[in-house]
Amino acid sequence: MNSRSWLLSVSLAVALLPGFVAGAPQGIDVGAVSRLPMLDNGRVKPFDTYARETVRFITGGEVFQKRDPVELLLEIAFDFNKWTDVPLVSIDFLPLKEKLGVKREVKFLGAAEIVNNSKYQALMDEIRKAGKDPDKLPRLEKEVVLLYHRVSVLENQMEGQGWKLVPNEKDVTGAWLALSDASDEAVKKAFGAMTTAYRGNDASGFNRAVGELAARLKAMTKTELVNATTIEREVWYHRFRPFEKSSILYVLAFLAFLMSSTVPPRRMYKLAVFLALAGFGIHAYGIALRSLISGRAPVSNVYETMLWVPFGINLFALTFELVHRARYFGLTATFLGGAILTLSDFVSLDPYVSPLVPVLRSNYWLIIHVLTITLGYAAATLCLGMGHLWLGVFVWNKGTAPSLKNIEKYLYQAIQVTVFFIGTGTILGGVWANQSWGRYWGWDPKETWALISLLGYLAITHARIVNAIGGFGTAVASILAWQNVLFCWYGVNYFLVGLHSYAGGETSAYVPWQVWVWTVFEGIVLFVSWTSYKAYLKRAQE
Amino acid sequence: MASEQTPATLPLSKRLFQFVCSIRFTIFLLVALAIILAVATVIESREGTGAVQMKVYRAVWFNIFLGGFTLNLLGGTYKRFRWLWIYFGFGVTHLGVLTILLGAFLTRNFGIEGQMTIPQDATREHFVGNDDKLSVTAPDGENVSLFVPIDRGSKQKDLWVSAHLPKAGLTAVMDKYWPDLEFEQAIEPGGAGENPAVEFVLTAMGSDVNGWLAAGVSGKEEIAMGPMTIRLAEASGPIPAELSASAAGPNVLVLSDLAGKESVEITATDGNSKEFTIGGKKLKVMIRQTFGNFSMDGKDFNDRPGAPENPAVAYLVEGPDGKTPDIAFANYPDFSLQHGKKQALFKARYHFKAGAHEPDNRLTLWWLDKKKLAYSVRVGGKPAGSGDVVEGKRLDLMNGRIGFTVKKLMKGTRVVQKAVNASDEARNPSIHVKLVPDAGGEGAGVWLPWGEQRELSVNGKKLTLLYRGDRYDVPFSLKLLKFKEDKYPGSMQSATYESKVKLEDKELGRNEELVISMNEPLLYRGYTFFQSSFIPGESYTTVLSVSRDPGKWPTYIGYILMTIGMLLMFYAKPFLARWDQARLKKEKAQ
């Protein structure tokens with residue numbers, strides 16, 4: 001190994017270290033608390049997941065002040081009065097800050113501070129009086145209600161009032177009880193001991209009490225609802241963070257692919273392929289874990305597709321890479337893989353597993369349809385990346401690089417994969433729709449946009465047959481055609497209403513700023529390429 | 001493949017044929033179709049499914065466009081296809097697309113879609129088509145049926161769809177769609193000095209709110225706006241004294257043990273708490289909130305403004321078993337939120353005194369001796385001035401925080417019913433229909449809620465109007481035996497639902513019980529029944545969507561052809577080319 005790859009390996013090793021973030025009261029067995037099963041929001045999950053969801057909901061991120069979410073909840077529960085003053089409730093909507101008289105740069109407010117804010121009280125009063133459907137409120141009011149909910153959820157942590165850890169012994173499918181509402185003497189005793197020990201800074205007493213509590217709760221649980229392996233797996237999934245790790249590996253692989261074009265290629269290229277495959281392996285492992293936890297194919301909401309699409313990209317690209325040994329596939333796919341996985345962490349999507357609405361449940365055709373169409377999105381995204389690569393090489397070399405022909409050939413192969421998967425994916429959507437609604441085609445916005453995406457790529461393949469477009473045209477067209485895919489994938493769920501809306505989340509009228517950044521970026525790319533292409537044509541004429 | 005040339009020397013018909021078959025035309029059609037569909041989805045999200053069906057998907061021009069597409073496909077495939085293996089994938093793919101188009105054509109023209117709603121234990125032998133129609137029938141049987149180009153659930157919208165009934169000499173015009181038609185009380189000046197009314201404007205926090213009050217009209221005598229309750233009342237003589245908030249004494253919550261021996265009383269004011277012992281248990285009670293007019297909105301408790309019709313108090317009892325929240329109702333002493341959940345330790349009784357719920361801030365307008373309008377104000381429970389009301393002159397209340405102006409005083413009014421659209425939700429989707437006589441003169445209009453029939457008289461003829469989907473009879477019957485809904489554990493979210501039905505077919509002599517669930521439809525005699533949704537209630541009503549689709553099999557065959565074709569075209573070319581070469585060699589050898 002040369003020095004560069006050594007450096008890569010070290011940073012890789014550091015990045016892969018899993019584990020609990022250390023902090024707060026010494027010697028407390030946070031892991032044991034994390035593993036307590038809890039029925040919340042329609043499914044049994046480890047307390048760990050509940051803590052992550054709760055902390056993310058209140059503070060906007062899973063980790064607050066470098067504290068492990070479970071630790072933070074324990075602290076809030078047993079030392080509530082202190083936490084009503086700590087600024088921890090996220091506020092990020094500027095107009096709301098202005099309305100409440102909060103400084104722009106403030107990101108968190110204390111619960112007491114919010115509740116005592118007279119302008120907040122006035123706003124809440126108005127909303128309560130108007131009594132409108134919460135989903136139909138204007139943005140500002142929605143944000144006020146969100147703030148209200150954040151505070152209520154925080155208040156719900158006081159002495160574990162919201163922790164529905166106690167199984168319902170009378171009704172197997174009934175709601176579980178919070179610890180504070182439990183009537184079981186052993187539970188009450190153990191929880192009381194936990195509280196006392198925590199407050200008295202007695203770590204071993206606390207751990208003992210947690211052990212007793214866990215044992216008693218386990219004895220009360222009906223086995224059909226709780227699967228200890230799944231609980232363990234879910235805790236591990238959230239602690240291990242497979243997608244973060246594979247995105248790091250992808251980025252490193254990308255850098256290695258990039259360097260393999262200048263550095264004596266063989267070794268660096270091998271390292272790049274190794275890193276890419278390692279990243280892909282962890283990526284696949286993460287998806288498998290998630291499927292095992294949720295018990296379904298991992299493509300039931302936009303967040304999950306953001307994990308699946310980069311998987312598809314790398315699946316196609318690494319297959320092609322191993323066949324052609326061409327570097328371009330790996331280069332493009334590892335970049336896209338790293339970028340999309342990183343992005344999935346930053347967009348405001350719910351990263352947790354949640355129950356499905358009835359039509360999306362246990363339908364064989366649905367799973368095949370969604371897996372196929374999202375592989376189509378993946379292939380399309382690969383085309384997008386290779387289109388950019390072609391244009392980049394073109395502009396960099398002023399139109400005369402020998403590799404352009406090759407990249408064009410590979411790009412076209414990716415386009416064929418796209419046509420096949422979006423085509424069959426749309427068809428399978430028809431089969432599913434016919435199974436579920438008795439109609440294989442209903443001009444629903446999502447299916448119409450899948451068709452629009454397909455038409456875009458069909459236009460490219462047909463245009464190439466009559467030589468209406470060459471390398472430049474194909475590259476530009478695959479960038480333009482991908483914008484349809486983006487709209488189909490992401491935009492429809494948010495801007496157009498239809499049957500598929502439950503696959504997305506709520507429709508909202510405001511365009512996220514990322515979309516504008518993307519539009520400007522693509523505008524610049526196309527403008528620069530066009531200028532370069534015109535200059536190239538002029539030189540070619542002379 | 002060969003590039004396409006259209007030499008000017010060819011006759012026009014040939015050149016036209018070449019153009020129709022050309023790939024350039026294909027590219028144009030593909031891009032144009034993509035643009036049309038993109039625009040259509042935007043129309044759909046703005047105007048609803050009905051509108052886009054009418055404007056695009058069912059419009060003649062769009063079908064002509066698809067016809068052009070089909071011609072291009074047919075011509076292009078025919079012209080380019082060769083009897084060689086390498087053309088096989090190309091041929092199969094395009095044949096697949098053509099078959100799908102054929103299937104779509106059959107579905108569009110011969111398929112039926114609708115809904116069958118079956119209440120518990122009811123039997124149905126028909127279903128209602130999904131396309132809403134307005135049917136207008138004259139007394140002599142003359143009838144027109146109009147497609148209503150808006151789906152129920154759209155927002156309020158103006159329409160203009162009309163049809164002529166020549167024999168009746170009338171034109172029926174559908175001009176408005178409202179999702180939530182309601183009739184609301186409104187006032188018109190008139191009447192013999194009854195129901196005096198005022199129109200006013202209230203200014204609070206920089207914005208104006210308009211309103212009206214009428215004395216003697218139920219629900220319109222008093223209104224709560226912001227911090228102020230405003231009332232209009234008739235009186236004779238001088239301005240009567242306001243009721244005082246403290247006059248009636250406090251409201252109390254009384255908790256007593258089940259035997260009624262021990263009891264404790266606590267004043268019902270928000271936040272008040274008291275410790276006590278009942279049945280040997282030490283307890284603490286805390287008053288969370290008092291309500292004059294309790295209502296529940298989902299999970300939230302609300303205090304509706306207006307007269308105290310349902311006084312209640314929400315309280316919390318803290319004891320050795322933890323905290324138990326509950327509510328006591330003054331008018332319904334036996335009702336408890338904890339009923340059946342926890343064993344009762346005590347009985348709660350809420351004693352409410354009407355006067356105590358007088359609003360603290362109140363403006364009363366007095367119509368004195370049917371002659372003069374005066375006012376009195378109470379702020380914070382204390383009198384805060386009175387005087388005469390001058391129309392158009394602003395009264396400043398609560399240190400100027402609120403301005404109140406009487407815009408118009410009406411000494412006598414009539415109460416009329418006015419149609420309004422109450423919300424954007426399809427609670428009572430209705431269309432407005434006008435019948436306009438050809439000869440001119442007064443027509444008549446009527447609001448027609450979905451599924452209902454109305455009669456309207458114009459020119460002495462009584463016409464029947466009906467707004468709903470077409471009715472389709474099926475040659476068998478379905479009876480709902482049982483509807484089952486499963487929820488996700490511990491939540492109110494539906495996981496799945498299914499209907500157990502009895503199918504009876506006298507013609508074919510079948511009589512059996514079947515289950516229709518989310519993903520397992522019932523297929524019978526060309527009809528498919530899907531579990532679509534349900535209407536909750538005391539007993540469930542199941543909603544099945546029904547379809548009869550002769551285009552299904554062509555479409556599926558097309559799907560299969562297209563998939564196989566693409567695979568052959570993209571990934572089997574090298575093998576197919578070898579077969580061709582082998583064949584050519586063989587032919588040469590012969």
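Residue numbers begin at 1 in each chain, while the letters A, B, ... track the order of the sequences.
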>> Distance check, rounded to the nearest 0.5 Å: A:Y457 atom OH versus B:L30 atom CG?
In response: 14.5 Å

>> Heavy-atom cut-off 4.5 Å, strictly under: side chain, backbone, both or neither for A:L451 against chain B?
In response: side chain

> B:L33, B:L567, B:V31: which one forms the most heavy-atom pairs within less than 4.5 Å of chain A?
Replying inline: B:L567

>> For chain A, which candidate among B:Q531, B:Q53, B:R548, B:M566 shows the most heavy-atom pairs at distances under 4.5 Å?
In response: B:M566

>> Could you check whether any side-chain heavy atom of B:I35 comes within less than 4.5 Å of a side-chain heavy atom of A:I452, counting everything from C-beta outward?
In response: no

> Out of curiosity, A:E447 CD to B:L37 CG, how far, rounded to the nearest 0.5 Å?
Replying inline: 11.0 Å

> Taking side chain as C-beta onward, heavy atoms only, is B:I100 less than 4.5 Å from A:Y440?
Replying inline: no

>> Can you tell me which of A:W365, A:W441, A:W443 forms the most heavy-atom pairs within a distance under 4.5 Å of chain B?
In response: A:W443

> For atom NZ of B:K552, is the number of surrounding heavy atoms from other residues, nucleotides or ligands below 6.0 Å larger than 12?
Replying inline: yes

>> Would you say CZ of B:F105 has more than 12 non-hydrogen atoms from neighbouring residues, nucleotides or ligands within 6.0 angstrom?
In response: no

> Quick one: of B:F28, B:F529, B:F530, who has the most non-hydrogen atom pairs under 4.5 Å with chain A?
Replying inline: B:F530

>> Within the 3.5 Å criterion, strictly below it, is a donor on B:Y559 or A:T424 matched to an acceptor on the partner's side chain?
In response: no

>> Does any backbone or side-chain atom of A:V44 lie under 4.5 Å from a heavy atom of chain B? Answer side chain, backbone, both or neither.
In response: neither

> Which value, rounded to the nearest 0.5 Å, describes the distance between A:T426 atom OG1 and B:M562 atom CE?
Replying inline: 7.5 Å

> Given the options A:L428, A:V431, A:L458, which has more heavy-atom pairs under 4.5 Å with chain B than any of the others?
Replying inline: A:V431

> Is there side-chain contact between B:Y556 and A:N434, with heavy atoms separated by less than 4.5 Å?
Replying inline: yes

>> Need one label for B:T528: side chain, backbone, both or neither, based on atoms under 4.5 Å from any heavy atom in chain A.
In response: neither

>> Taking side chain as everything from C-beta outward and backbone as N, CA, C, O, which of these in B:A40 sits under 4.5 Å from a heavy atom of chain A? Side chain, backbone, both or neither.
In response: neither

> Under 4.5 Å between any side-chain heavy atoms of A:I427 and B:I560, yes or no?
Replying inline: no

> Taking everything shown except A:Q121 itself, do over 12 heavy atoms lie less than 6.0 Å from its CD?
Replying inline: yes

>> Go through it in stages, so that I can follow the logic: the residues are A:Q413 and B:F570, the test is side chain to side chain contact (heavy atoms under 4.5 Å, CB included), and I'd like the CA-CA distance, side-chain angles, deciding distance and then a yes or no.
In response: CA-CA 9 Å; A:Q413 288 188 347; B:F570 293 151; over 6 Å; no

> Could you give the distance from CG (B:L29) to NE2 (A:H462), rounded to the nearest 0.5 Å?
Replying inline: 10.5 Å

>> At a 4.5 Å cut-off on heavy atoms, which part of B:S532 comes close to chain A: side chain, backbone, both, or neither?
In response: neither

